[in-house]
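The structure presented is a predicted model; accordingly, all values stated were derived computationally and were not measured. Excluded from the calculations below are hydrogen atoms, water molecules and symmetry mates; all remaining heavy atoms, backbone and side chain alike, are included. Quick note on labels: first sequence line is chain A, next is B, and so on, each numbered from 1.
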Amino acid sequence: MTISWTKESYFEQVWSFVRQVPEGKVVTYGQIAQTLPDPPVPDTGEMVSAARLVGSAMAASPADVPWHRVINAQGRVSNRADAAKQLELLEAEGLCFVHGRIDLPEHLWHDTNQIAPPKQHQLF
DNA sequence: CGCTTGACCGGAA
DNA sequence: ATTCCGGCCAAGC
C-alpha cells in the first residue's frame, strides 16, 4: 500500500525542493505543487489546492529550509507577518524587485530533469 | 467528530 | 488596480 503520502511525506518533498533552490532564485507554491513527484491529489483538476498544502508545509518548515525563497504566483511574497523581512532577504540575494514585485520567469528556478520552465509571459 | 482558518491559484466583477 | 468568489485539502480548535 502504499500510501500514504502523509503530511510528513509531502512536507519532506516540499522542503527538499525548496532546499534545492539556489540563492537569487525563487519558486512559487504552485510551481512546487506541480513539480512534486507524488502530489496528494490524483488530478481532479490542477495544482491549485496542492499549493495550499505547500503553504502549510512552509508554515512548518524547519530552519534548514529557505522559506523566504518561496513566493506566490503573483511574483510577490505571501501575506505573512514577515513579508517585509522576506523581501529584504530576497533583494539581499540579488533579486530585482520592482514595485514589490519581481520578474517571475526571470528568477524562477526549476529543478533539472523534472519539469520544463513555465515560460509564463507577463501581462501588465 | 465538525467548523474555521490558511505562507494558494485563477478567474470574474 | 482591487475585491469577491469558487475550489481543493489539511491542520488546528
Side-chain angles (χ1 to χ4, degrees):
Chain A
M1 44 143 326
T2 109
I3 326 196
S4 312
W5 65 268
T6 60
K7 97 179 183 189
E8 237 177 46
S9 188
Y10 196 74
F11 281 27
E12 287 284 318
Q13 292 173 86
V14 176
W15 297 332
S16 186
F17 188 90
V18 178
R19 268 185 275 236
Q20 290 170 78
V21 180
E23 206 174 282
K25 292 288 178 183
V26 291
V27 283
T28 67
Y29 298 97
Q31 182 74 34
I32 298 173
Q34 194 171 46
T35 305
L36 284 187
D38 185 76
V41 287
D43 77 54
T44 59
E46 317 263 334
M47 43 45 168
V48 255
S49 19
R52 193 171 281 192
L53 304 191
V54 177
S56 296
M58 299 265 82
S61 64
D64 326 23
V65 179
W67 56 273
H68 59 270
R69 283 181 200 147
V70 184
I71 62 179
N72 54 22
Q74 300 172 30
R76 307 186 71 174
V77 299
S78 302
N79 224 21
R80 128 194 203 302
D82 280 331
K85 180 77 175 212
Q86 184 169 4
L87 265 169
E88 283 184 54
L89 293 168
L90 288 175
E91 68 179 6
E93 299 198 346
L95 282 148
C96 44
F97 270 80
V98 180
H99 267 338
R101 222 144 112 200
I102 65 173
D103 287 297
L104 216 30
E106 185 76 42
H107 290 281
L108 238 187
W109 174 85
H110 72 97
D111 184 10
T112 53
N113 192 24
Q114 277 289 2
I115 57 168
K119 190 182 290 191
Q120 179 177 1
H121 93 67
Q122 69 263 44
L123 42 100
F124 286 78

Do A:Arg69 and A:Pro22 have side-chain heavy atoms sitting under 4.5 Å apart? no
Do A:Phe11 and A:Leu53 come close enough that some side-chain heavy atom pair is under 4.5 Å? no
Determine, stepwise, if the pair A:Ile71 / A:Leu90 fulfils side-chain contact (heavy atoms from CB on, under 4.5 Å). CA-CA 10 Å; A:Ile71 62 179; A:Leu90 288 175; 4.0 Å; yes
If we take the P atom in both C:dC8 and B:dC1, what is their distance in whole Å? 23 Å
Which residues share a side-chain contact (heavy atoms from CB on, under 4.5 Å) with A:Glu91, sequence neighbours left out: A:Glu88, A:Phe97
Is the backbone N or O of A:Arg101 less than 3.5 Å from a side-chain atom of A:Gln74, with the two atoms forming a donor-acceptor pair by type? no
Between [atom2] on [N] and [atom1] on [X], what's the gap in Å once rounded to a whole number?
X       : N      : atom1 : atom2 : value
A:Gln74 : C:dA1  : CD    : C1'   : 12 Å
A:Arg76 : B:dC9  : CZ    : P     : 13 Å
A:Gln31 : B:dG10 : CD    : C1'   : 16 Å

Can you list the residues that meet the side chain to side chain donor-acceptor pair (under 3.5 Å) rule with A:Ser78, with sequence neighbours excluded? A:Tyr29
In short, salt bridge (charged side-chain N to carboxylate O under 4.0 Å, His left out) pairs touching residues 22-33 of chain A with sequence neighbours left out are none
Tabulate atom names and distances for all N/O pairs under 3.5 angstrom spanning the protein and nucleotides 11-13 of chain B.
none

Distance-only donor-acceptor pairs under 3.5 Å for side chains of residues 58-68 of chain A, two or more places apart:
residue, atom, partner, partner atom, Å
A:Ser61, OG, A:Met58, O, 2.6
A:His68, NE2, A:Glu93, OE2, 3.0

Measure all distances between protein nitrogen or oxygen atoms and nitrogen or oxygen atoms of nucleotides 4-7 of chain B, and list the pairs falling under 3.5 Å.
residue, atom, partner, partner atom, Å
B:dG6, O6, A:Arg52, NH1, 2.6
B:dG6, N1, A:Arg52, NH1, 2.9
B:dA7, N6, A:Met58, O, 3.1
B:dA7, N3, A:Tyr29, OH, 3.3

